[in-house]
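Every value quoted in this text rests on a predicted model; they were computed, and no experiment measured them. Only heavy atoms go into these numbers, but all of them, side chains included; no hydrogens, no water, no symmetry mates.
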Amino acid sequence: MKFYLPFMLLLIAANSLSAQTNKNNSEQQTVQDTIKEKSKSDNELHEVVISATRQPESLDQVPSSVTLISKKQLQQQLSISTNLSDILGASVPGLGFSTNRTSNLGQTLRGRRVLVMIDGIPQSTPLRDGAKDIRSLDPAALDRVEVIKGATAIYGNGADGGLINYITKKADQNKVFSGTTEAGSAFSLIKPKETAGFFISQLFSGKINKFDYVVSGRYEETGLYRDAKGRVLSPDYGMNDLRNWNAFAKLGYDFNPDNRLEVMYNYYKSTQITDYIAKAGIYGNFDKPTIGVIGQRPGEPEGTPYNHNASLTYTGKNIIGHTDLSAVLYFQDYLTVINYSDFFENNGQPATQSKKFGFRLNMNSPYDVSSMINGNITYGLDILSDITDTHLTDGRLVIPEMKMSNLAPYFQIKNMFGPNLVLKTGLRLENVHITVPDYTTIAIRNYVTSTYVGGGIAVNGGDLNFNTLMFNAGLRYTKWNAFKPFASFSQSFSVADLGLVLRAAKENTVSNTSIKAVVANNYEVGFSGSVSDLSYEGAVFYSTSKLGASYVYVDGNPQISRSPEKIYGFEFGAKYRFHPKFDLGANYSYTEGKRETATGKVYLGGDRINPPKLTAFAVYRPIENWSIFTQMINTSGRDRFEPVNGAYTYGTGPIKAFTAFNLSTSYIFREKTTLRLGVENLFNKDYFSVISQWQVNNMSYVKENGTRMTVSLSHSF
């Protein structure tokens, strides 16, 4: 096998990077002083989570399923792939398989949409799901990722299946000036010609008196991606030839030990500059995938031209009595552009723009009734303004500028009955107002009849109002280390992709369209525990909604089905330290779902329900400074539908079983310099991505990457 190794590796000299001080696990301290690990294992979960209730608290006291991806785990995955869709798909039970695309369409969490946030700033666009929210920043800017699974009332609109909160890096509190420089390259080991990409990043961090800072930047060119046979992957939504920029800054000032002001800004850009166009494959023919061939791509570069996020946060302790307060002012300005196609009449290239302005006020007051009854009350207010539209780059309007305002008060009570029994209950009141202007629909292509339908309808705008009270309750018992059970119920609220409803409007007035909110009810029973060097966790869940939001095709026309839905499944994971140098772990997740129709119950499509997922890993540390990580990703497949007139339709394509392996290894030189090497698809497995199989589209029938290597060198000072 021929391959070559391009090096763009830089070293910046200077002093050793000091280890961080030990963390204290008191809930009254800041998060950076409370996060610590259960053990020294490379793959143990942290003990503290903030996304479940907006307050730092021990995972043992959270009555729901939570997955934490630590900084060390992120680095292991980053050595294999810099695509967050890959990283999360391989790390989070219940989350769908990676799409291997810039879009995360179909990568649901427990069969429902997931709310993605950066430090609590919403990235998802519930008014028009652009399916680009998982890739909303560069993973190198992350300190960790918190994933709360199941309908989540505490954060409101869009968290039907749960939430993903990207927690950005924090300043090194132990030095006035420190930093890390990293550079590397990634390339295919199968016909490596033209596949080489590279990346370079720089981070500075430190603390000067009461002022602390962390500033970083990263640039990456991905190069070409090839499948196991050496064919260039389709550039449509592809990871090929991307140019990714990320700039991040977080500045903090401690007025005193109890009062802090912090400002954060993150800029992300990812656009495709390529000389390839897509050549359609033949769906169902294993040897005829969609590939990339030399050609001139029409339209503007695809991708995310910009995603700006900024926040100003004030935190105060003991503001009134023992009440703590957090106030956050934030904004997001986001634009995504997809590929030029014949989907719209006279062809066109859609772009979705979303601007969010928000304010979060969060307070926490402890109470103490007796030595056996105590707890705290978390309460506050969320205010959000979201303006979203979809237009073609030639100026035509697809979905008008929808203006949403959301006012949501909430409270959460955490009550401890003795040291081991925790009861949580809470309410959140959603008050959503949406204004839609007058607009005229554009005709879209019916791929069954090859005609354009639905255009030229003049729709009168109007106001839409939604008011929903959401409830959640959870119980957890923590006395026994070997078995800590929990049970929970939680509701979520979302305005289910209003943009798609408006795009396909057949009525002449907005108020006459089938626009209704989705309220999901999530029931869950689970446990966690540990015995000696073995730790484990599991959960069974059941989710219902009287009104669903499934994307279906009727006679070739895309529609939103509002039929009732039921989703159910289970997850189980375990980790075992066989030896101080050797860890093993595995996770299995299964999700299934159905919706009710006039003729009976039918299975939900592949865009909602992913096939069963089994992941396993092994970590071996031959010596103190050398770590080897191997990973397996497997599915047994999913086949729930029969072809109609000899053909499958959108979402119904069968998923075939596959197993793939990844490898990453790192070696630390003198505590300052780290060499990392990662190999994706270690044994060059030839298979189609999950989305390519259920989507049932010749133009989207794309295989996964063949063997691809990443090598990098980082130096800290």
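Look at Lys355 and Asp386 and you find no salt bridge, because none of the NZ, NE, NH1 or NH2 atoms lies under 4.0 Å from a carboxylate O. Using a cut-off of 4.0 Å between Lys/Arg side-chain N and Asp/Glu carboxylate O, Glu571 and Lys149 are scored as salt-bridged. Using a cutoff of 4.0 Å between basic side-chain nitrogens and carboxylate oxygens, Lys546 and Glu596 are not scored as salt-bridged. A salt bridge does not link Asp227 to Arg708: none of the charged side-chain nitrogens sits closer than 4.0 Å to a carboxylate oxygen.
Note that Arg445 lies outside the cation-pi zone of Phe343, set by a 6.0 Å cut-off to the ring centre and a 45° limit from the axis.
With ring centers used as reference points, Tyr590 lies under 6.0 Å from Phe570.
Among the candidates Lys601, Lys594, Arg595, Arg608, the single residue satisfying the side-chain hydrogen bond (donor to acceptor under 3.5 Å, both in side chains) test with Glu565 is Arg608. Residue Phe688 is tested with Phe286, Trp694, Phe658 for a ring pair (Phe, Tyr, Trp, His ring centres under 6.0 Å); the sole match is Phe286.
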> Would Thr99 and Asn104 count as a side chain to side chain donor-acceptor pair (under 3.5 Å) if you check the C-alpha gap in whole Å, the side-chain angles of each, and the deciding distance to 0.1 Å?
Replying inline: CA-CA 6 Å; Thr99 63; Asn104 48 267; over 6 Å; no
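At a threshold of 4.5 Å between non-hydrogen side-chain atoms, the residues Glu220 and Thr82 count as touching. Inter-residue side-chain proximity for His391 and Asp389 is flagged as met; some heavy-atom pair is nearer than 4.5 Å.
Of the N and O atoms on the side chains of Ser85 and Gln107, at least one donor lies less than 3.5 Å from an acceptor on the other residue. Checking Gln332 against Asn307 by side-chain atom types alone, a donor-acceptor pair falls below 3.5 Å. Asn266 and Asn246 are linked by a side-chain donor-acceptor pair at a separation below 3.5 angstrom, with hydrogens and angles left out of the test.
In this structure, OG in Ser494 is found 8.5 Å from CZ in Arg112, a value given to the nearest 0.5 Å.
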